[in-house]
Amino acid sequence: QVPLVESGGGLVQTGGSLRLSCTASGLPFARSALAWFRQAPGKEREFVACITWSGEGTYSADAAKGRFTISRDNAVNTVYLQMNSLEPEDTAVYYCAAGFLATLRSADYSYWGQGTQVTVSS
């Protein structure tokens with residue numbers, strides 16, 4: 001059983017928007033910190049944004065600030081990543097992750113989704 005499942009990826013033009021969703025099952029979602037990471041071909045997986053279990057604290061990578069917003073809805077066990085003003089450099093597979101603490105290190109997260117492809121054309 002896969003605890004996290006991403007959706008919402010796709011192909012958009014530069015300047016477009018997408019909202020990614022990640023729904024969790026089989027884990028204590030309300031007590032988990034959540035994060036989004038991305039990995040482009042030939043590059044390391046990089047941090048995008050994270051949110052604390054309470055939803056009060058959010059942190060974003062410099063490349064995402066002002067364009068991406070992370071949020072969560074514990075009632076439906078879902079974390080979102082609203083992406084606006086997309087650029088070709090945002091093209092990557094986006095992964096959601098869950099862990100005990102909200103950090104920017106991928107190794108700190110115990111649960112991962114399979115990823116959803118985001119492609120931004122110029």
Side-chain angles (χ1 to χ4, degrees):
Q1 51 185 326
V2 180
L4 302 172
V5 179
E6 302 97 334
S7 63
L11 174 64
V12 299
Q13 295 183 348
T14 298
S17 298
L18 286 173
R19 189 177 78 157
L20 306 183
S21 299
C22 175
T23 299
S25 63
L27 58 83
F29 184 88
R31 295 187 286 108
S32 297
L34 301 165
W36 288 95
F37 291 80
R38 68 186 184 185
Q39 187 167 23
K43 295 187 177 181
E44 297 180 356
R45 184 172 298 181
E46 66 175 348
F47 169 80
V48 177
C50 64
I51 187 168
T52 61
W53 66 268
S54 67
E56 296 179 351
T58 62
Y59 309 88
S60 299
D62 289 342
K65 291 179 180 177
R67 300 189 300 127
F68 295 0
T69 302
I70 187 171
S71 62
R72 66 189 295 167
D73 187 346
N74 290 349
V76 293
N77 288 0
T78 300
V79 60
Y80 305 95
L81 184 68
Q82 178 66 49
M83 304 186 295
N84 299 323
S85 301
L86 285 163
E87 304 170 349
E89 292 74 21
D90 297 316
T91 295
V93 177
Y94 284 70
Y95 300 89
C96 65
F100 182 70
L101 297 174
T103 79
L104 47 72
R105 297 179 64 250
S106 61
D108 291 332
Y109 295 88
S110 300
Y111 300 95
W112 292 83
Q114 296 299 306
T116 184
Q117 177 70 49
V118 172
T119 303
V120 185
S121 64
S122 59

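Quick caveat, the model's predicted, so the values are computed rather than measured.
Between L4 and A98, the shortest heavy-atom distance links the atoms CD1-N, 3.8 Å. Here the shortest heavy-atom pairing between A102 and C50 reads CB-SG, 3.9 Å. Closest of all the heavy-atom pairs between A33 and L101 is CB-C, 3.3 Å. Closest of all the heavy-atom pairs between L18 and G8 is CD2-O, 3.7 Å. Of all heavy-atom pairs spanning S60 and A64, the tightest one is CB-CB, 4.4 Å.
The distance from the CD atom of E56 to the OG1 atom of T58 is 11.0 Å, given to the nearest 0.5 Å. Interatomic distance, OG of S54 versus CG of N74, reported as 9.5 Å (0.5 Å rounding). For the atom pair CD of Q39 and CD of E44, the computed distance is 8.5 Å after rounding to the nearest 0.5 Å. Taking CZ from R38 and CZ from R45, the interatomic distance works out to 13.0 Å, rounded to the nearest 0.5 Å.
Contact check for R67 versus D90: side-chain heavy atoms found under the 4.5 Å cut-off.
The aromatic rings of F47 and F37 sit perpendicular, their planes meeting at an angle over 60°, well past the 30° parallel limit.
For residues 7-18, the pairs satisfying side chain to side chain donor-acceptor pair (under 3.5 Å) are S17-N84, with sequence neighbours left out. Listed by first then second residue, pairs satisfying salt bridge (charged side-chain N to carboxylate O under 4.0 Å, His left out) with a partner in residues 91-107 read R105-D108, not counting sequence neighbours.
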### Query
Taking it one step at a time, do Y59 and I70 satisfy side-chain contact (heavy atoms from CB on, under 4.5 Å)?
CA-CA 8 Å; Y59 309 88; I70 187 171; over 6 Å; no
### Task
Could you walk me through whether Y94 and E6 pass the side-chain contact (heavy atoms from CB on, under 4.5 Å) test, one step at a time?
CA-CA 8 Å; Y94 284 70; E6 302 97 334; over 6 Å; no
### Task
Could you walk me through whether T23 and F29 pass the side-chain contact (heavy atoms from CB on, under 4.5 Å) test, one step at a time?
CA-CA 9 Å; T23 299; F29 184 88; over 6 Å; no
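W112 and L104 fall within the same hydrophobic cluster, where Ile, Leu, Val, Met, Phe, Trp and Tyr residues are linked whenever their side-chain heavy atoms come under 4.5 Å apart, directly or through other members. In the hydrophobic cluster analysis, where Ile, Leu, Val, Met, Phe, Trp and Tyr join through side-chain heavy atoms closer than 4.5 angstrom, Y111 is grouped apart from Y80. If you chain together hydrophobic residues whose side chains sit under 4.5 Å apart, V118 and W36 fall into the same group.
Its side chain outside the 4.5 Å cluster rule for every partner, W53 clusters with none of the Ile, Leu, Val, Met, Phe, Trp and Tyr residues.
Under a 3.5 Å cut-off, the side chain of Y109 and the backbone N or O of T103 do form a donor-acceptor pair. Distance alone, capped at 3.5 Å, is enough to place a donor-acceptor pair between the T91 side chain and the V120 backbone. A donor-acceptor pair is defined here as one N or O able to donate and one able to accept, closer than 3.5 Å; such a pair exists between the side chain of R72 and the backbone of T52.
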